Amino acid sequence: MALTSLWRILFHAVLIVSMVTSAWAMYCGEEDCYDLLGVKQAATQQEIKKAYYKLSLKYHPDKNPEPDAQAMFSKIANAYEILYDEEKREQYDYAIAHPEQFFYNTARYYQTYYAPKTDIRVILLAALLLLSSFQYLNDHIRYNQAIEHAKQTPAYRNRLKQLELERAAAAAAAVSTAVGGRGKRGGGRRGGRAADAQQAAAAAAAVPEDGVAELELQVHGADKPCLWRLFGVQVVIFPYVAAKLVWWQVQWLHSYTIRRMPLAWNDACYLTRTTLRIPAAHWSSMGEPARDRLVERQLWIKQNLNEYREEMLKSVRRRR
């Protein structure tokens with residue numbers, strides 16, 4: 001038992017010594033930085049600088065052919081770098097005075113030597129810009145791929161033909177209206193003909209050359225890239241969004257829980273959409289009569305929701 005206790009004491013002693021040695025080794029190895037320059041710990045910056053210049057001339061490899069001159073010159077330069085910098089010197093002096101604070105001294109050492117010198121805010125801003133750029137590029141590529149895929153579907157081509165027919169009909173109606181107006185004015189003046197031709201061309205140009213622009217808006221599951229959805233923008237506006245959400249929750253609690261007021265139509269739509277887990281884009285694309293029917297059923301009430309789900313199940317079974 002006594003032997004075990006002795007071994008424990010020796011182990012802890014060796015551990016403490018190794019930790020202290022490691023704290024010293026982080027700076028000037030096994031040697032003291034002040035001893036390497038031959039100055040006292042209370043030496044001024046001028047004394048340290050003077051000692052360094054003197055020793056650097058003595059051990060410079062170009063002037064000293066000794067084999068260990070290069071190693072000694074490197075040690076002197078390292079000691080001067082530590083002691084001449086006020087922040088590093090303060091940390092070194094603290095490590096000498098408090099060797100028991102091994103982890104604290106180690107953390108300060110690595111923070112000084114390996115922490116980024118640039119302002120952390122600049123680094124975060126650059127990271128947000130980079131991530132947002134990749135996100136926007138990815139959204140743009142996905143959107144274009146979804147649109148190209150949608151253009152290959154029969155529904156898209158049928159709708160495109162329908163829009164072309166509507167365009168032709170609108171152009172014909174515009175020309176007919178222009179010709180009719182010209183006939184009423186007599187039709188003998190060249191100025192009147194030119195004005196009628198311009199009106200007809202403007203009416204025809206008001207109709208899209210193809211239906212691509214309109215059809216793209218109807219492709220579900222492919223949202224156009226939006227700056228407001230970028231990660232960097234979301235981080236910037238997060239305080240505003242959070243404050244707005246808290247205020248909305250307070251208003252909801254005051255209006256519908258405390259005062260028990262009837263639900264406003266927009267709030268009823270929100271409850272219906274969230275209860276049925278309908279995405280906002282899909283809810284907006286639904287017809288107004290369909291949305292009204294869902295809201296009027298008050299599906300946020302559990303009983304009404306269960307009845308609605310049973311009806312949907314029966315409808316699916318009948319279709320099968």
Side-chain angles (χ1 to χ4, degrees), residues 1-135 231-232 235-236 238:
M1 190 70 178
L3 185 60
T4 305
S5 301
L6 180 60
W7 277 111
R8 288 180 179 177
I9 294 173
L10 289 176
F11 173 77
H12 285 93
V14 171
L15 181 61
I16 293 174
V17 171
S18 63
M19 290 172 62
V20 172
T21 304
S22 300
W24 282 64
M26 287 187 298
Y27 291 92
C28 291
E30 301 297 331
E31 301 182 60
D32 186 284
C33 296
Y34 290 101
D35 291 343
L36 284 172
L37 294 180
V39 296
K40 298 180 180 181
Q41 190 170 352
T44 63
Q45 299 295 97
Q46 291 297 327
E47 292 174 346
I48 292 174
K49 186 176 182 180
K50 183 178 180 180
Y52 166 71
Y53 283 148
K54 181 179 179 180
L55 292 174
S56 62
L57 290 175
K58 179 181 179 180
Y59 290 101
H60 197 281
D62 294 340
K63 298 182 178 181
N64 192 330
E66 296 294 330
D68 59 344
Q70 177 67 41
M72 190 62 185
F73 181 79
S74 299
K75 292 180 180 181
I76 294 171
N78 180 54
Y80 174 73
E81 180 184 356
I82 294 171
L83 298 183
Y84 196 75
D85 186 281
E86 293 183 1
E87 182 181 0
K88 295 178 181 179
R89 182 179 181 182
E90 186 274 330
Q91 293 180 5
Y92 179 68
D93 291 343
Y94 188 89
I96 294 175
H98 304 277
E100 72 281 357
Q101 299 183 12
F102 170 76
F103 296 105
Y104 176 71
N105 294 329
T106 303
R108 295 186 69 189
Y109 172 82
Y110 283 105
Q111 181 181 8
T112 301
Y113 280 86
Y114 300 103
K117 304 302 180 182
T118 309
D119 191 344
I120 189 65
R121 292 170 294 184
V122 176
I123 297 176
L124 291 177
L125 179 60
L128 287 177
L129 290 175
L130 185 62
L131 289 175
S132 299
S133 301
F134 280 117
Q135 181 184 358
F231 178 73
V235 171
V236 173
F238 175 76

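In what follows, every heavy atom counts, from backbone to side chain, and hydrogens, waters and symmetry copies are set aside. Sequence positions, counted from 1, serve as the residue numbers for this chain. Please read all numbers here as calculations on a predicted model, not as lab measurements.
- Contact check for Y92 versus D32: side-chain heavy atoms found under the 4.5 Å cut-off.
- Partners of S74 under the side chain to side chain contact (heavy atoms under 4.5 Å, CB included) rule, at least two apart in sequence or in another chain, are Q70.
- Rounded to the nearest 0.5 Å, atoms CG (D85) and CD (E81) are 8.0 Å apart.
- In this structure, the separation between OG on S56 and CG on N64 is 12.0 Å, given to the nearest 0.5 Å.
- L83 CG to C33 SG: the interatomic distance, rounded to the nearest 0.5 Å, is 5.0 Å.
- Residue C28 comes nearest to I82 through the heavy atom pair SG-CD1, 3.9 Å, listed as atom of the first residue, atom of the second, then distance.
- Formation of a donor-acceptor pair under 3.5 Å by the Q101 side chain with backbone atoms of A95 is not found in this model.
- Here the straight-line distance linking atom CG of L57 with atom CG of D62 works out to 11.5 Å at 0.5 Å rounding.
- A donor-acceptor pair under 3.5 Å links the side-chain atoms of E47 to the main chain of T44, judged by distance alone.
- Taken to the nearest 0.5 Å, the CG atom of L36 stands 15.0 Å off from the OH atom of Y27.
- When all heavy atoms of S132 and G232 are compared, the closest pair comes out as OG-N, 2.9 Å.
- Summarising the geometry of A51 relative to L37, their closest heavy-atom pair is CB-O, 3.4 Å, with the distance given to 0.1 Å.
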Assess the residue pair Y52 and I48 against the criterion (side-chain contact (heavy atoms from CB on, under 4.5 Å)); give the C-alpha distance rounded to whole Å, side-chain angles, the decisive distance to 0.1 Å, and a yes or no. CA-CA 6 Å; Y52 166 71; I48 292 174; 5.5 Å; no

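- How far CG of D35 is from CD of Q41: 10.0 Å, rounded to the nearest 0.5 Å.
- Atom OH of Y94 has more than 12 neighbouring heavy atoms from other residues, nucleotides or ligands inside a 6.0 Å radius.
- There is a side-chain donor-acceptor pair under 3.5 Å between Y34 and R89.
- The shortest side-chain heavy-atom distance between Y110 and T106 falls under the 4.5 Å cut-off.
- Between F73 and K58 the shortest side-chain heavy-atom distance does not fall below 4.5 Å.
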